[in-house]
Enquirer: 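Before I ask anything, here is the structure I am working with.
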Amino acid sequence: MTTLTIEIPDKVEKTISDLIEQLGGKVVATDADKKQSKAAKKRQILDDLEESVKWVKLYQEGKVQAKSIEQLLNEL
């Protein structure tokens, strides 16, 4: 098989992808995939940050105990 990189307008991406698959080819990646991947990574970072802030607030309120650096390293 040969790998081919092409640039096409966004409005025909789905049609061309379907045609390539009907011809027995495989669409490896699209810009839409990359955009979704970046959005998913950003969402994950924000979710992780929100969770961290919650833990800090719980610690400040005395509802949870923080672990020492030694305890954290021993978990590894």
Side-chain angles (χ1 to χ4, degrees):
M1 269 201 169
T2 300
T3 300
L4 173 66
T5 303
I6 61 172
E7 290 185 17
I8 56 174
D10 290 339
K11 62 184 178 182
V12 297
E13 177 183 343
K14 176 75 172 129
T15 305
I16 298 295
S17 295
D18 291 343
L19 176 62
I20 290 169
E21 289 174 356
Q22 288 176 2
L23 293 172
K26 178 181 175 186
V27 177
V28 178
T30 65
D31 285 345
D33 295 338
K34 291 177 185 176
K35 288 177 186 175
Q36 289 175 348
S37 178
K38 285 183 181 180
K41 287 179 184 177
K42 286 181 182 180
R43 181 77 247 156
Q44 183 62 47
I45 290 170
L46 289 175
D47 289 345
D48 291 345
L49 184 59
E50 287 175 0
E51 184 178 349
S52 298
V53 169
K54 285 180 189 177
W55 277 101
V56 169
K57 286 181 180 180
L58 288 172
Y59 173 76
Q60 289 174 337
E61 294 170 359
K63 295 181 179 177
V64 295
Q65 288 285 37
K67 294 181 181 180
S68 69
I69 191 70
E70 187 175 297
Q71 290 170 322
L72 291 172
L73 290 174
N74 287 335
E75 289 181 10
L76 298 175

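Keep in mind that this is a model prediction, so the values were computed, not measured. All values below were derived from every heavy atom in this structure, side-chain atoms included, with hydrogens, water molecules and symmetry-related copies excluded.
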Enquirer: Looking at Q65, I'd like to know if its CD atom is crowded, meaning that more than 12 non-hydrogen atoms belonging to other residues, nucleotides or ligands lie closer than 6.0 Å.
Expert: no

Enquirer: Going by salt bridge (Lys or Arg N to Asp or Glu O under 4.0 Å), name the pairs with one or both residues in residues 16-26, residues two or more places apart or in two chains.
Expert: K14-D18

Enquirer: Strictly by salt bridge (Lys or Arg N to Asp or Glu O under 4.0 Å), give each pair with a member in residues 62-76 just once, sequence neighbours left out.
Expert: E61-K63, K67-E75

Enquirer: Can you get from V12 to I20 by hopping between Ile, Leu, Val, Met, Phe, Trp and Tyr side chains that sit under 4.5 Å apart?
Expert: yes

Enquirer: Can any side-chain N or O of Q71 pair as donor or acceptor with the backbone N or O of S68 at less than 3.5 Å?
Expert: yes

Enquirer: Establish whether Y59 and W55 are linked, either directly or via other cluster members, by ILVMFWY side-chain heavy-atom contacts under 4.5 Å.
Expert: yes

Enquirer: Check the hydrophobic clustering (I, L, V, M, F, W, Y; side-chain heavy atoms under 4.5 Å; chains of links allowed) and say if L19 and I6 are grouped together.
Expert: no

